[in-house]
Each structure stands twice: as C-alpha cells, then as structure tokens.
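So you know, we letter chains A, B, ... as the sequences are listed, proteins then strands, and number each from 1.
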Number of protein chains: 2
Amino acid sequence: MSVDSETTCNHKHQCHHCNSDGTCMDDESCISLVPIFNHLEPAQMDEIMSLIRSLKFKRGENLYSPGDPANTLYIVSEGKIKIYRLSESGKEQLIRFLRPGDFTGELALFSDTVHEAYAEAIEDTSVCTITRSEFNELLLKYPSISLKVLSEFSHRLEQSEKQTTRFATERVETRIALFLIECLDRDSKSQIVELPMSMRDLASYLGTTPESISRKLTEIEEVGLIEQISNKKIKILDLDGLLNV
Amino acid sequence: MSVDSETTCNHKHQCHHCNSDGTCMDDESCISLVPIFNHLEPAQMDEIMSLIRSLKFKRGENLYSPGDPANTLYIVSEGKIKIYRLSESGKEQLIRFLRPGDFTGELALFSDTVHEAYAEAIEDTSVCTITRSEFNELLLKYPSISLKVLSEFSHRLEQSEKQTTRFATERVETRIALFLIECLDRDSKSQIVELPMSMRDLASYLGTTPESISRKLTEIEEVGLIEQISNKKIKILDLDGLLNV
DNA sequence: TGCGAAAATTGATTTGCGTCAAGGAAATCA
DNA sequence: TGATTTCCTTGACGCAAATCAATTTTCGCA
C-alpha cells in the first residue's frame, strides 16, 4: 500500500508541494494518498480534509501504547512506523511496518476499547489523524469508504490467520523460506530478494531469534537453494526447492 | 456471538417457528439472529430476507474449501461449523467454530479472491447465504451494516494478532493457561471451566499436540493451580498463579 | 447395556531451536 | 577517517516439546 511517484498526486484536484520522491508535505496529501479515500470526488476529499489534524512524531516516539484509548485513526503521510506487541511474558513481536499511505487505529476504531499494541515511529514521521466519531460519521455518509476499509481489514485478517497457522505448524526453516518467497513475489523482477528489515526485526516478525535466522539461512544456502549475496540481499536459486523446505 | 434463548426473537417483528432452544427454523431467523443485521428496521430486514437463500449442509460437508471462489456470505442459523486451515506442510490448524448467529465468507467477500481455509459442517447445519454483489449493495444502501461488520472484523483481527503473538513467543504451557483463563472469562459464574472442544481440537487450536496438552494439564494440576474434575471440566484454583505460568 | 472405535493418557526417545558466550562485520558518529 | 557501538555470525549446550508406541478411558451406537 505504499505509494510511488507515478501514483501520487494523480487526481484532478490540486496537490501542492509534492516532493520528488512522491511524498507530499501538506495535510491534503494524507487524503489523496490513501486508498481508503483517494477514490472520492475532490469536493468530498476537501470535506474530509477539514476534519483531519496533522501530527508529527520524532523517531522513537509512540503514537500509542497498550492501554491507550483507541479513538483516533492515523494515516501515515511521511516516515515509518513499527507496530509491535509484547506478549504476556514480555517478549516483543513485530506485527508490521507502516509506510506512507498505510493507516492504523485498528479495531479499537470500531469498538470502544483500548490499544493492545505499540505504534512507534522509527523515523521522524508525520501523520494525519481523524477522531473516531468523525470517522464513523464519514463512514455513514460515504459508504464506499467502508468497503475500502473492509477490504483492507479482511486482507489483514487473512494475512494474520495465515501467519498464525504458520507459527502453529511450521518449523523456523520453513517460515523463513516462505517469507523469502513472499518477498520475491513483491519485487518479482529478478531472483534477488532485498530483505526489508534487519535480522533482529525479521526474527521478531517470524517468531524466532537472530541466531536461528542466521543459521537457517546458511543451511538453506548449503543445500543450494539460495545464495547470500550480502547482508540484506539473497538470490533465490531454486524456488520449488524453497517451497518444499 | 452465539445466541441463547433469551436474546433470540426479541425484536418487534414477527418471528415464527422458534424452537425451545432458541434457534429459529425459518429463513427469517438468519436476519434477526445476527448482530450485523438485527439492529435494522423490520422493513429493512424484510428487504434483506428477500435476498437470502437458505442452504443445508450435512455433517461432514464443506461449505467451502481452499481455492473456491469466495463470493458468498454465510450466516449460520443452525448447527456448528469448523473453520480450519492446512499449512503449507499439510498440518491442520483450527481457526474457530461458528455457532448460530456467526458468519463467514471472510475477506474474500471484499476482494475478488478465493478461500484459503476450510469451512466444514461438523453437525447438520443450515445457513443463510447472500451473494457478494448483493451484500455489497446492502452495505452501500445501509451503511450501519458496514460498521457492524467492521467491528466484527476488527475484533477478529485483534484476536488473531494476539494469537499470533502467543504462538511466536509463549511456551505451550503458557498458551494453555491463557486459554483456560479466557474460557473462565466467558463463563465467569463459577471457577469451573468447561472445555468447549476435544483435546484433539484444542491441540490444533493451540498449535500443539494432544499429548502435550494432557501432560501440561497434569503438570499444572500437580503444582496446585487447577483441578481436573473430569475430561472436559477443569476447576481453577489459583488464577493469579495461572497468569504467571 | 455392552461392544467397538475413537480419544486421551503415559512413557521413552529424539530433535529443533533457544540461550549463552565470544569473535567478526557493519553501521554510526564525531 | 578512525573509534565506538550495534548488528550479525558461529559454536557449545540444555531444554521444551514433538514423535513413536502402548495402554487406558471414554463415548457412540447397536
């Protein structure tokens, strides 16, 4: 759901101050950026714009933490945000990263509860926010927004359930192999995967340790399925083989 | 989201042929049963009723399987349905059970994809179905339905992510303890938990084996945190202790 | 009520992987 | 650019939990 310079600012409406890298600096960009809003008419976007409030977070600051009341929708306009959870026993698990165009606020937006996860800005970040009550009114007024949000939620749910099943049933080696394959699907141009995060984060995301990731990658390399080109780059040599790890 | 005899058929609209156990046999019951619809006006429910088609599945039949196009919303009116997945390596993982009032159709309802899970009737079951296109029209016409579905989805997503984190970070013993506590929250009247499924299913749900469940329960009993009254009944003796397992 | 099948328990064994510890590579900052 | 910190890798070890196998218990059905 991230946005590149081709797809940014392509609606008829005015969109000032776009940067060369495709991100827009003004508040308005939040609306035109995100799939849940950018299908609307310019006039409707203007209306939504009047509701949003722009906030900035410095690297390291939390947008929300567990226990915080969840009454705000956050739309990322610049920067990078890490969503993670602490388990009952205190271990951290990475859920996802948010890039410009992504949103968070989660369930709590629709039921009156508190957050259970952390949202931490890992770069200096600016977000657009809408309160729950205003967002609910928007959903009632423009039902097509709901369909977009439902689509996004159902996709996340599918992903999450798939991840759950993998944790419940697959070995670490298999989880790593499947992750590589999914990275390849996204890039898909070459056979080379660029790992989108550090080993530490990847370990947290896959429910294992950096040590195990390192070891398993070496093992997979030794049987000829991949080649570790550099720290972050991995060449897939045998896709079918990987699928059967 | 299951429904008992107190809460069934309590709207002003007519609702014929209700059974003593609270389930209704006629098509209409599907609509009045489910939280996503039962807040509507009687006239609106009638309109929806005209769209639904009632289907019956015998015990063991699948409502859908992975690869099936997902273009139908299923609302359970009678019976019990098991949603489960097969991992890439072929192991089964239980996702959830559906009881009267619950619905499925998942993500696929909002993005044009195929199912990834199995939905199997484990009792003789009757469901009400609506096609995707008709359901989408309903959502656009009655935006309040979207809010209900969003609320349900976000709740499921929260649950799923919590489960993912547990699998990723907690030991089997802890997962079992947390499961018992959540069962207690639902019953909550006494300190006695009635396991809602077989050991086999529980193992599948918790990402472990029946052997491990059996062993761990015995261990937890030996340190005095619980008492195994019978096969399916467990008495919680020390809730705080369980939380720290 | 009793039989047979399925489910649950218990034991013995194996193994995957986390933990701890140390050395090397890479990134960050002045 | 060099120094310091953080990250990654490799090795040795221990443990949690899966697997395999054999009873025992429970439950569905005749």
Side-chain angles (χ1 to χ4, degrees), chain A residues 59-60 82 87-94 122-124 165-179 194-223 226-234 245, chain B residues 59-60 80 82 87 89-94 122-124 165-180 193-223 226-234 245:
Chain A
R59 174 193 161 118
K82 174 165 122 177
S87 68
E88 278 83 357
S89 63
K91 283 184 205 150
E92 180 179 321
Q93 204 231 339
L94 175 62
I122 56 174
E123 296 173 1
D124 288 0
T165 299
R166 282 187 189 168
F167 284 161
T169 61
E170 306 286 13
R171 293 175 310 154
V172 167
E173 198 171 346
T174 311
R175 304 209 290 267
I176 296 173
L178 292 169
F179 179 81
E194 175 125 15
L195 294 181
M197 58 184 101
S198 68
M199 291 278 149
R200 170 186 287 277
D201 282 337
L202 185 57
S204 170
Y205 181 72
L206 294 180
T208 179
T209 60
E211 292 97 321
S212 288
I213 302 250
S214 177
R215 274 187 254 271
K216 297 298 179 186
L217 281 178
T218 305
E219 281 179 35
I220 299 174
E221 182 170 36
E222 277 166 359
V223 296
I226 63 169
E227 184 190 340
Q228 300 190 60
I229 296 173
S230 75
N231 216 336
K232 290 252 169 301
K233 282 188 182 167
I234 292 175
V245 161
Chain B
R59 173 193 163 117
K80 193 172 179 186
K82 174 165 124 178
S87 69
S89 62
K91 282 183 206 150
E92 180 178 321
Q93 204 232 339
L94 175 62
I122 56 173
E123 296 174 0
D124 288 1
T165 299
R166 283 190 189 165
F167 284 159
T169 61
E170 307 286 11
R171 294 175 310 153
V172 166
E173 197 171 345
T174 311
R175 303 209 292 268
I176 295 173
L178 292 169
F179 178 80
L180 290 179
V193 166
E194 174 126 15
L195 294 181
M197 59 185 99
S198 68
M199 291 278 148
R200 169 186 285 277
D201 282 338
L202 184 58
S204 169
Y205 182 72
L206 294 179
T208 179
T209 60
E211 292 96 320
S212 288
I213 301 250
S214 177
R215 273 187 254 272
K216 295 300 178 186
L217 282 178
T218 305
E219 280 178 36
I220 298 174
E221 182 171 36
E222 276 165 0
V223 297
I226 63 169
E227 183 191 340
Q228 300 190 60
I229 297 175
S230 74
N231 213 338
K232 291 252 169 300
K233 281 189 181 166
I234 292 175
V245 162

Next on the checklist: Determine whether B/L206 and B/R166 satisfy the following criterion, side-chain contact (heavy atoms from CB on, under 4.5 Å), listing intermediate values before the conclusion.
Outcome noted: CA-CA 9 Å; B/L206 294 179; B/R166 283 190 189 165; over 6 Å; no
Next on the checklist: Set out, in order, the CA-CA distance, both residues' side-chain angles and the distance that settles side-chain contact (heavy atoms from CB on, under 4.5 Å) for A/I176 and A/V245, then state yes or no.
Outcome noted: CA-CA 9 Å; A/I176 296 173; A/V245 161; over 6 Å; no
Checklist entry - Between C/dT9 atom C1' and B/I234 atom CD1, what is the distance in whole Å? => result 14 Å
Item to check | Range on DNA chain D touched by chain B, heavy atoms, distance below 4.0 Å | outcome: D/dA17 to D/dT26
Next on the checklist: So, taking the atom named OG1 in B/T208 and the one named CE in B/M199, what distance separates them when rounded to the nearest 0.5 Å?
Outcome noted: 11.5 Å
Checklist outcome for this item: Reading nucleotides 17-25 of chain C from 5' to 3' and marking B where a protein heavy atom lies under 4.0 Å of the base, S where only the sugar-phosphate is that close, and - otherwise, the string is SSBB-----
Checklist entry - Given the rule in the side-chain contact (heavy atoms from CB on, under 4.5 Å) test, do B/T165 and A/F167 qualify, once you have shown the distances and angles that lead to the verdict? => result CA-CA 9 Å; B/T165 299; A/F167 284 161; over 6 Å; no
Checklist outcome for this item: CD (A/Q93) and CD (B/E170) are apart, to the nearest 0.5 Å, by 10.5 Å
Item to check | Atom pair distance, as rounded to whole Å: CD1 in B/I122 and C1' in C/dA7 | outcome: 16 Å
Checklist entry - If we ignore angles and hydrogens, is there a donor and acceptor under 3.5 Å between the side chains of B/E92 and B/S204? => result no
Next on the checklist: How many whole angstroms separate atom CG of B/L217 from atom C1' of C/dT9?
Outcome noted: 11 Å
Next on the checklist: Whole angstroms only, please: what is the CD1-P distance between B/I213 and C/dT9?
Outcome noted: 10 Å
Checklist entry - Between B/L217 and B/L180, is any pair of side-chain heavy atoms under 4.5 Å apart? => result yes
Next on the checklist: Tell me the interatomic distance from B/M197, atom CE, to C/dA7, atom P, rounded to whole angstroms.
Outcome noted: 15 Å
